Amino acid sequence: MTESFQNLKVYQLAEEIANKIWFIVEKWDRFAQDTIGKQLVRSADSIGANIAEGNGRYNYQDNQRFVKIARGSLNETRHWLRLACARQLLTQEQINQLRPLLDELSPKLNAYINSLRKSVNS
């Protein structure tokens, strides 16, 4: 049986990123929220959601597949953040808060995928 998803550091980090993004987008004007904002929030929320869903499958292959989807959602989140940055929707302070978290999450997702792969091969 797998560890509860709420206890996974990778999930906790994904949740922290999603919440920070939510509170940033919440302050944007309606046009920015309706275009980039909703996409950004959905992709950021999807990272943790896929980690949680995979963890609930109790099958290492399915779990690994959902974590790979989470990694794709992280890349999508990076895309929307790049557009938000280019369109001057993010302050430098917000960028400085998010960048290290995103940079930390990517290798943690890869490590989690690898740990699931090793569990199957054990």
Side-chain angles (χ1 to χ4, degrees):
M1 184 177 286
T2 57
E3 181 179 5
S4 173
F5 72 89
Q6 297 100 326
N7 296 328
L8 296 169
K9 296 290 184 199
V10 68
Y11 172 81
Q12 292 169 0
L13 184 56
E15 184 178 46
E16 180 181 356
I17 291 167
N19 285 332
K20 283 188 184 304
I21 287 173
W22 170 272
F23 290 113
I24 290 169
V25 171
E26 184 179 50
K27 292 176 175 65
W28 290 356
D29 68 36
R30 181 68 59 206
F31 179 74
Q33 286 177 344
D34 284 344
T35 53
I36 294 176
K38 287 180 181 178
Q39 297 280 13
L40 175 56
V41 168
R42 285 183 185 124
S43 67
D45 285 350
S46 180
I47 301 167
N50 278 292
I51 293 167
E53 184 167 357
N55 185 264
R57 296 295 173 131
Y58 299 108
N59 172 295
Y60 292 112
Q61 291 88 352
D62 275 353
N63 194 349
Q64 190 177 51
R65 184 171 61 87
F66 277 96
V67 179
K68 287 179 180 178
I69 293 168
R71 187 172 57 187
S73 294
L74 173 59
N75 285 338
E76 182 183 357
T77 300
R78 288 181 184 274
H79 163 76
W80 292 117
L81 286 169
R82 287 177 56 81
L83 290 182
C85 190
R87 296 173 188 178
Q88 300 177 348
L89 295 169
L90 299 172
T91 66
Q92 191 60 49
E93 180 184 346
Q94 291 167 334
I95 294 166
N96 292 342
Q97 285 179 357
L98 290 170
R99 182 174 285 136
L101 297 173
L102 295 164
D103 290 346
E104 183 182 350
L105 182 56
S106 188
K108 283 193 183 315
L109 281 170
N110 288 330
Y112 187 39
I113 290 167
N114 288 334
S115 75
L116 293 171
R117 185 178 300 123
K118 288 176 186 173
S119 295
V120 171
N121 296 330
S122 302

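Predicted model, so just to flag it, every value in this text is computed and none were measured.
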Value for CD1 (Ile47) from CD1 (Ile69), rounded to nearest 0.5 Å, stands at 13.0 Å
Between NZ of Lys108 and CD1 of Ile51, what distance do you get to the nearest 0.5 Å? 11.5 Å
CD1-CG distance between Ile113 and Asn63, expressed to the nearest 0.5 angstrom: 9.5 Å
Would you find a donor on one side and an acceptor on the other, under 3.5 Å apart, between the side chain of Ser46 and the backbone of Arg42? no
As a quick check of understanding, evaluate side chain to side chain contact (heavy atoms under 4.5 Å, CB included) for Leu40 and Ile24, giving each step before the final call. CA-CA 10 Å; Leu40 175 56; Ile24 290 169; over 6 Å; no
Joint hydrophobic cluster, Phe31 plus Val25, side-chain heavy atoms closer than 4.5 Å: no
Only one of Thr77, Ile17, Asn110 forms a side-chain contact (heavy atoms from CB on, under 4.5 Å) with Leu105, so which one is it? Ile17
Can you check side chain to side chain contact (heavy atoms under 4.5 Å, CB included) on Ser106 and Arg78, steps first, answer last? CA-CA 11 Å; Ser106 188; Arg78 288 181 184 274; 4.0 Å; yes
Could you walk me through whether Asn55 and Tyr112 pass side chain to side chain contact (heavy atoms under 4.5 Å, CB included), step by step? CA-CA 11 Å; Asn55 185 264; Tyr112 187 39; 3.8 Å; yes
What's the spacing between Glu15 CD and Asn19 CG if we round to 0.5 Å? 5.5 Å
Could you tell me if Arg30 and Gln33 have a donor-acceptor pair between their side chains, going purely by distance under 3.5 Å? yes
Assess, by modelled atom type and distance only, whether the side chains of Thr91 and Glu93 contain a donor and an acceptor separated by less than 3.5 Å. no
Can you check whether Lys20 reaches Glu16 side chain to side chain, under 4.5 Å on heavy atoms? yes
Donor + acceptor pair across side chains of Asn96, Gln92 (<3.5 Å): yes
Give a yes or no on whether Phe66 and Leu116 share a hydrophobic cluster (residues Ile, Leu, Val, Met, Phe, Trp, Tyr; joining criterion: side-chain heavy atoms under 4.5 Å apart). no
Heavy-atom donor-acceptor pair, Trp28 side chain to Gly37 backbone, under 3.5 Å: no
Would Gln39 and Ile36 satisfy side chain to side chain contact (heavy atoms under 4.5 Å, CB included), going step by step from the backbone distance to the final call? CA-CA 5 Å; Gln39 297 280 13; Ile36 294 176; 5.9 Å; no
Are Val67 and Leu102 linked, directly or through other ILVMFWY residues, by side chains that come within less than 4.5 angstrom of each other? yes
Glu26, CD: over 12 other non-hydrogen atoms inside 6.0 angstrom: yes
Heavy-atom count around Arg57 CZ within 6.0 Å, excluding the residue itself: above 12? yes
